[in-house]
Amino acid sequence: MKKIGLWVVMLCAVALVGCASTAKKDPVPVEDLSGADTRGATDKAATDAQALAARQAELLAKTRVHFAFDSSAIDSEARAIIEAHASHLVANPQIRLTLEGHCDERGTREYNLALGERRAQAVEKLMRALGVGGNRVTTVSYGEEKPLDAEHNESAWRQNRRVEIQYKR
């Protein structure tokens, strides 16, 4: 009986050794850092540059910056527009502009003139921080005098709370 047990153990061991995989493992891929083929990176950089230029052109086409009710705070959307115009102005030092502050019809005439001025000055302050010389920017407030939309509702008021970026010719 002892001999049979020994033979069973040996057969099991042989069977296990025979089942071991002999398949070759694929080598771990190594990134090519030689720079031999940089077409992919170059194409991506060109595509990124084109997308950036398109975004810049889209922002430069926007010449109105809108504000919340009773506020001269610049939100992220307005900031992107102002940054695009400031970048354009820094690249073109001969250009001058006027920032026109506007309000909706709510509030007194005097209050709205002051709020329109604060809005125009907020835009000017950001442009100066971004490198635009103060002597190239003029601010003016029209208060509620030049509405974009003459309706008397929130949609119209939202459109009328703005600073217009006007390039001088």
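Index from 1, following the sequence.
Nearest heavy-atom pair, Thr138 versus Lys168, reported as atom, atom and distance to 0.1 Å: OG1-NZ, 3.1 Å. Nearest heavy atom pair, residue Ala122 against residue Ser72, reads CB-O, 3.5 Å. Taking all atoms of both residues into account, the shortest heavy-atom contact from Asp149 to Ala156 is CG-CB, 3.5 Å.
Between the side chain of Asn112 and the backbone N or O of Asp104, at least one donor-acceptor pair lies under 3.5 Å. Panel note: side chain Ser141, backbone Leu113; a donor-acceptor pair is recorded below 3.5 Å. Listed for the His85 side chain is no donor-acceptor partner under 3.5 Å among the backbone atoms of Thr63. Remark: side-chain polar atoms of Arg96 are paired, donor with acceptor, to backbone N or O of Asn135 under 3.5 angstrom. Without hydrogens or angle criteria, Glu144 side chain to Arg106 main chain gives no donor-acceptor distance under 3.5 Å.
In this structure, CD on Glu124 lies 8.5 Å from CD on Glu117, to the nearest 0.5 angstrom.
Glu105 and His152 share a donor-acceptor pair across their side chains, judged by distance under 3.5 Å alone.
His66 has its side chain within reach of Arg162: a pair of non-hydrogen atoms, C-beta onward, lies under 4.5 Å apart. Taking the side chain as every heavy atom from C-beta outward, Arg119 and Cys103 approach each other to under 4.5 Å. With a 4.5 Å cut-off on side-chain heavy atoms, Glu164 and Leu148 count as touching.
In this structure, Leu130 belongs to a hydrophobic cluster whose other members, linked by side-chain heavy atoms under 4.5 Å apart, are Leu59, Leu60, Val65, Phe67, Ile74, Ile81, Ile82, Leu89, Val90, Ile95, Leu97, Leu99, Val123, Leu126, Met127, Val132, Val137, Val163, Ile165, Tyr167. Here Tyr142 is tied into one hydrophobic group with Val140, each link being a pair of ILVMFWY side chains closer than 4.5 Å.
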Can you list the steps and then say if Arg109 with Glu145 is a side chain to side chain contact (heavy atoms under 4.5 Å, CB included)?
CA-CA 9 Å; Arg109 183 179 188 282; Glu145 302 302 318; 3.7 Å; yes
Decide yes or no on salt bridge (Lys or Arg N to Asp or Glu O under 4.0 Å) for Arg158 and Glu151, but give the supporting numbers first.
CA-CA 11 Å; Arg158 191 176 311 114; Glu151 294 289 320; over 6 Å; no
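Between Arg64 and Glu77 there is no salt bridge, since no side-chain nitrogen of the basic residue lies less than 4.0 Å from a carboxylate oxygen of the acidic one.
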Which side-chain N or O atoms in residues 46-54 pair as donor and acceptor under 3.5 Å with protein atoms at least two apart or in another chain?
| from | atom 1 | to | atom 2 | distance (Å) |
| --- | --- | --- | --- | --- |
| Thr47 | OG1 | Asp43 | O | 2.9 |
| Asp48 | OD2 | Lys44 | NZ | 3.1 |

